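Take a look at the structure below.
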Protein chains: 2
Amino acid sequence: MPVTIRDVARASGVHISTVSRTFSAPHLVNPETRVRVLACAEDLGYRPNRAARALITGRTHNIGLIIADIANPFFPPLIKAAESQARHRDYHVFVADTNEDAAAEEELVHALAKQVDGVLLCSPRMSNSLIEQLSREVPLVVVNRQLAGLPCVLMDVGQGARSAIEHLAGLGHREMALLGGPRGSWTSRELRRAASAAARAAGAELTVLGPNPPTETGGLAQAEQVRRAGVTAVLAYNDLMAIGLLEGLDALGVRVPQEVSVVGVDDISLSRLTRPKLTTVATPTAAAGRTAVDMLLQQDTDFPRTARGGGATVAVGVRRTTAQVMLQTELVIRDSTAPGPYAGRERPGTAAAGPGPHRRADPGNPVVAAGDVVAS
Amino acid sequence: MPVTIRDVARASGVHISTVSRTFSAPHLVNPETRVRVLACAEDLGYRPNRAARALITGRTHNIGLIIADIANPFFPPLIKAAESQARHRDYHVFVADTNEDAAAEEELVHALAKQVDGVLLCSPRMSNSLIEQLSREVPLVVVNRQLAGLPCVLMDVGQGARSAIEHLAGLGHREMALLGGPRGSWTSRELRRAASAAARAAGAELTVLGPNPPTETGGLAQAEQVRRAGVTAVLAYNDLMAIGLLEGLDALGVRVPQEVSVVGVDDISLSRLTRPKLTTVATPTAAAGRTAVDMLLQQDTDFPRTARGGGATVAVGVRRTTAQVMLQTELVIRDSTAPGPYAGRERPGTAAAGPGPHRRADPGNPVVAAGDVVAS
DNA sequence: GATCTCTCTGCAAACCTTTGCACTGAAGTA
DNA sequence: TACTTCAGTGCAAAGGTTTGCAGAGAGATC
């Protein structure tokens, strides 16, 4: 019942190879023939069978997208952007959810490997060495994890943490807390490193609370600790946790931002809707999705996995690009931060004023803010 | 480089067909041989090539999921549940985002048709007749749209609207407004129909405002209208709009729920985080995803598209099940609704008390709450 | 008129797997 | 012993497409 290249060939009176070429190498076929073939194809409603095509070319024109938790509002914009970008390039995308489970991640990479030209690993939970190993089975691009020898797209949460801490210090906060993220998260480590350094530089003290699950509940559960720590400002691993903390502090009768300032990370759409509206470090999620897809596809065209002729299969060396892209983040100041106890007083070694409130600029199209390209 | 059935055959000293059978029909091969083959396969890291398998069996073991807007928080739980259920049954899922664009929907169904065993159409924007027509190209299950002759999974928003209106009437509201959804949405029509009837029955008056885009902005933009209409209670098409309305009313200095009560629909996770927390009609999104996948796969096993032998292709008749499943909704009462001006007074023809506040029960596993199965 | 060049088209193999059919040999039956 | 039955295996075709190679003309050049 499905109409094949063969039907089109019969209808237009040419050989199937000519029909094939009409679609995959139009310049090789006589314009007249071409229009005839195209007309017949249109008529019959012919659509090339990608499975068959994949069988011989070795390229499926599919990519896989492995996500820790689709329900986490951080991911949908990334998925959306990645899917859109992929489709733009005539690729379709498999989306798989691992429920934050490392074993599921591995299983999915295996399962998808034969069906895709590459896989995007978003905020993976598995070990570096396993990722390394899997990358020999299928081209991988890793998002939110730095891995020598593999293409990565990272968001500069370090810079974000610095901005946040400086903002808080500028407001006159000296006692701060960091709500850490899940164990083994690259982002969490990065955040902690940068926040500690920035706090030290600003003459502030930073208490680290965690690790915590990266959810609303995780934040809520730390409200008591935050109060007990006696800090006046908190930077949370992500907005979800910050929002949970907002809830928790409210329940304890602690007013935000009057008594405690709270800063999140991610700028999920929700953070504009809390009360008070959340000050947060915006991560370019959509840009990350687009960029990751671009890198995957680029890698794929540069170093195709196999090049097949009429039959001979030529294995290709393992050379590949391992560009690492760092995307900029930006502090978005809203209503959950306010002057602290030391407001107005001169801080040691710094001008008093913090950075002026900058509104967020939309990162727009595929933005590579700080491109650190390392060829291997 | 990739290891095929052929390599396994060579390694284990049997014919490729035996290897094939060890995987696809194990009972046909001698246990001894089987373990040997499996061992070799394991050793070599063999993974069946699904594209090749699809080519001959006609089943790809993939399904497509077409979504109006992944970034709309209504969808991620549905996607997550669908993906999980599909994978449970050894299917992978393509996810595609149409940006609320009907043309994109059609294009995607076409593009995916050859690559999947069926497609889930979620809250489609295209016309009934087009859906009808596309369903001849690839098995379809439609979510949130009722379509004679096609399998659908619906959420009983009518019942939800009734509950909401009765709840509001019970609280003593008589002047209410409905914020309508986008034009052409089945859910929106259903909501309007049921809400009007329920209001009439309760002796209340219902003003319909809209149609509106199903977003926060859409709700925000109607705040002024709501105030002008002089109503004391509002039912919104979805939570996003309700939240936008909350914002808008706040900006106008109208207090919720003291002056105006607001009810949403969907119970997205956000609605627990607004202030006041949103009273809303919970829709069983995850259950819908699971059920839709089940129906698609069921249909596919009942009436496979083609049954191929060693070569003969047998076209199968167009018979198919067209079960329509209606899933129950539930009113979740939180803090955005409060007694209205007629509280305590006897309403004509009804007992004064509204339905008691029932907390939401988690729908748990594949739940078909009210299964209205119509075989065609 | 012979030779060469060039464009277009056809031929056939190959991609990897499944599956109807046929074959083998051993066990069971008469 | 001669026959059937049956489990296990091999053979080969098929699925839809791509692509290196070769051939057929047409036109150009000498």
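Computation of the quantities below employed the complete heavy-atom set of this structure, encompassing side-chain atoms and omitting hydrogens, waters and symmetry-equivalent molecules. No experiment lies behind these values; they were computed from the predicted model shown.
Using a cutoff of 4.0 Å between basic side-chain nitrogens and carboxylate oxygens, B:Glu107 and A:Arg47 are scored as salt-bridged. For the pair B:Arg50 and B:Asp90, the salt-bridge criterion is met [side-chain N within less than 4.0 Å of a carboxylate O]. The residues B:Arg87 and B:Glu83 are annotated as salt-bridged, a charged nitrogen and a carboxylate oxygen being separated by less than 4.0 angstrom.
Rounded to a whole Å, the CG atom of B:Asn49 is 14 Å from the C1' atom of D:dG16. Distance B:Leu28 CG to D:dG10 C1': 14 Å, rounded to the nearest Å. Rounded to an integer number of Å, the gap from CZ of B:Arg47 to P of C:dT17 is 13 Å. As rounded to whole Å, 11 Å separates atom P of C:dT18 from atom CG of B:Leu55. Rounding to whole angstrom units, NE2 of residue A:His61 and P of D:dT18 are separated by 11 Å. Between the CG atom of A:Asp7 and the C1' atom of D:dG15 there is a distance of 13 Å, given to the nearest Å. For the pair B:Phe23 CZ and C:dT18 P, the computed distance is 9 Å after rounding to whole Å. Rounded to whole Å, atom C1' of C:dC16 lies 18 Å from atom CZ of A:Arg53.
Comparing D:dT17, C:dT18, D:dG8 against the side chain of B:Pro31 picks out D:dG8 as the nearest. With C:dC16, C:dT18, D:dT17 as the choices, the nucleotide that has an atom nearest any side-chain atom of A:Ala52 turns out to be D:dT17. When each of D:dT19, D:dT17, C:dT18 is scored by its nearest atom to the side-chain atoms of B:Ile16, the top-ranked nucleotide is C:dT18. Checked against D:dG10, D:dT17, C:dT17, the side chain of B:His15 finds its nearest nucleotide in D:dG10.
Looking at heavy-atom distances under 4.0 Å, B:Val14 makes contact with sugar-phosphate atoms alone, never a base.
Of the two residues near DNA chain D, B:Asn30 and A:Ile5, the one whose nearest nucleotide lies more 5' is B:Asn30. Comparing A:Ser17 and B:Thr18 by the nucleotide of DNA chain C that holds the closest heavy atom to each, the one mapping nearer the 5' end is A:Ser17.
For A:Arg50 against D:dG16, a side-chain-to-base donor-acceptor contact under 3.5 Å is absent. A:Arg21 contributes a side-chain N or O that forms a donor-acceptor pair with the base of C:dG10 under 3.5 Å.
OP1 or OP2 of D:dT9 lies within a sub-4.0 Å distance of a side-chain N or O belonging to B:Thr33. Distances shown here put a side-chain N or O of B:Ser20 below 4.0 Å from the OP1 or OP2 atom of C:dT18.
Relative ring orientation between B:His92 and A:Phe94 is described as perpendicular, the plane-to-plane angle rising above 60° on a 0-90° scale split at 30° and 60°.
No side-chain donor-acceptor contact under 3.5 Å links B:Asn62 and B:Gln115.
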